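Everything numeric in this text was worked out from a predicted model, so none of it was measured. Chain naming here is simple, since letters A, B, ... match the order of the sequence lines and numbering starts at 1 in each.
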Amino acid sequence: MDIRWETPFTRKAKDAIRAIPSGRVATYGQIAALAGRERAARGVAWILHSSSDTAGLPWHRVINGRGAISLGRGRGFEEQKKRLIAEGVEVGHGGRVDLKRFQWEQNDGAAGRSPAARKYLTSLLKGD
DNA sequence: CCTATGACAGACA
DNA sequence: GTGTCTGCCATAG
């Protein structure tokens, strides 16, 4: 399956995803809300899993409301984890991410990479 | 119009 | 914490 037409919803959702800063994550529900459909988290998931063309979309910054990677092992989990870590997002056991520290908050002027991500990234570059 | 399919979320045991 | 159930929504046939 693949997305054939852009609808207002898919367009807004993709825009919202593109707006997530590196080093931060957003939940499916969060993206849905930004797209104007607070309860359309499944719709957001649908867009991502049915898009053969995710190039240019920071899809790896979208995780579920429980703060975990929703992709299954061998179905993109490893790739998503790798990409997040490369941006400074700590991914623990089971693909867990601490939303308190890494979730994107459009308000409070918390734009850009989170302090936690900057710190983690620095430690990674330092070699641990 | 109706049914099926999710990379969901919340509630609850 | 885990497992299950239910509601939700966009989109495909």
Side-chain angles (χ1 to χ4, degrees):
Chain A
M1 249 131 279
D2 201 7
I3 293 179
R4 299 175 188 174
W5 299 288
E6 288 286 308
T7 66
F9 178 75
T10 62
R11 185 169 49 68
K12 289 178 189 171
K14 286 183 173 180
D15 285 345
I17 293 173
R18 290 192 201 96
I20 307 171
S22 171
R24 286 189 188 277
V25 298
T27 66
Y28 295 90
Q30 194 177 349
I31 297 303
L34 290 174
R37 293 289 180 284
E38 191 172 7
R39 285 162 268 177
R42 303 193 72 163
V44 174
W46 187 90
I47 290 174
L48 294 180
H49 89 79
S50 60
S51 288
S52 58
D53 175 29
T54 47
L57 262 191
W59 55 269
H60 57 285
R61 296 175 190 149
V62 184
I63 63 180
N64 65 38
R66 283 128 183 121
I69 289 174
S70 279
L71 289 168
R73 309 268 171 177
R75 287 180 299 167
F77 177 94
E78 294 77 7
E79 177 65 17
Q80 184 165 11
K81 177 175 180 178
K82 176 184 169 184
R83 292 189 182 208
L84 287 175
I85 292 177
E87 295 184 346
V89 176
E90 290 184 59
V91 181
H93 207 51
R96 306 289 308 180
V97 172
D98 188 344
L99 290 178
K100 296 286 186 189
R101 297 161 62 210
F102 298 100
Q103 181 169 28
W104 176 40
E105 306 293 352
Q106 309 110 273
N107 311 315
D108 70 9
R113 185 170 278 136
S114 68
R118 282 190 275 107
K119 182 179 180 181
Y120 181 51
L121 202 52
T122 296
S123 71
L124 286 179
L125 294 174
K126 195 182 304 178
D128 258 337

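- Rounding to whole angstrom units, CG of residue Leu57(A) and P of dA7(B) are separated by 17 Å.
- Nearest heavy-atom pair, Ala68(A) versus Gly94(A), reported as atom, atom and distance to 0.1 Å: CB-O, 4.3 Å.
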Under-3.5 Å N/O pairs linking protein and nucleotides 2-4 of chain C:
none

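- In this structure, CD of Gln103(A) is placed 10 Å from P of dA9(B), rounded to the nearest angstrom.
- Spacing between atom CG of Asn64(A) and atom P of dG10(B) amounts to 10 Å, rounded to whole angstrom units.
- Among dC9(C), dC8(B), dG1(C), the nucleotide with an atom closest to any side-chain atom of Arg96(A) is dG1(C).
- Look at NE2 on His93(A): it is 13 Å from P on dG1(C), rounded to the nearest Å.
- Taking a 6.0 Å sphere around CZ of Arg18(A), one finds it holds more than 12 heavy atoms contributed by other residues, nucleotides or ligands.
- At dT11(C), one or more side-chain N or O atoms of Thr7(A) fall inside 4.0 Å of OP1 or OP2 (strictly under the cut-off).
- Of the side-chain N and O atoms in Ser70(A), one or more sit less than 4.0 angstrom from OP1 or OP2 of dC8(B).
- Nucleotide dG13(C) forms a pair with dC2(B), judged by Watson-Crick or G-U wobble geometry with both contacts under 3.5 Å.
- The CZ-P distance, from Arg73(A) to dA7(B), rounds to 16 Å in whole Å.
- For Arg96(A) and Glu90(A), the salt-bridge test fails: no basic side-chain N is under 4.0 Å from an acidic carboxylate O.
- Remark: P of dA10(C) and NZ of Lys12(A) are 11 Å apart, rounded to the nearest angstrom.
- A salt bridge does not link Glu78(A) to Lys82(A): none of the charged side-chain nitrogens sits closer than 4.0 Å to a carboxylate oxygen.
- His49(A) has its NE2 atom 6 Å from the P atom of dG6(B), to the nearest Å.
- As rounded to whole Å, 11 Å separates atom C1' of dA9(B) from atom CD of Glu38(A).
- Nearest approach of Ile63(A) to Gln80(A), heavy atoms of both residues: CG2-NE2, 3.8 Å.
- Put simply, Arg37(A) has no side-chain N or O that comes within less than 4.0 Å of OP1 or OP2 on dC8(C).
- With dA10(C), dA7(B), dC8(B) as the choices, the nucleotide that has an atom nearest any side-chain atom of Phe9(A) turns out to be dA10(C).
- Side-chain atoms of Asp15(A) and Leu34(A), non-hydrogen and from C-beta on, never get closer than 4.5 Å to each other.
- Side-chain polar atoms of Ser114(A) and Arg24(A) form no donor-acceptor pair below 3.5 angstrom.
- Closest contact between the side chain of Arg42(A) and the listed nucleotides dA10(C), dC8(C), dA9(B) involves dC8(C).
- With dC8(B), dA10(C), dC9(C) as the choices, the nucleotide that has an atom nearest any side-chain atom of Trp46(A) turns out to be dA10(C).
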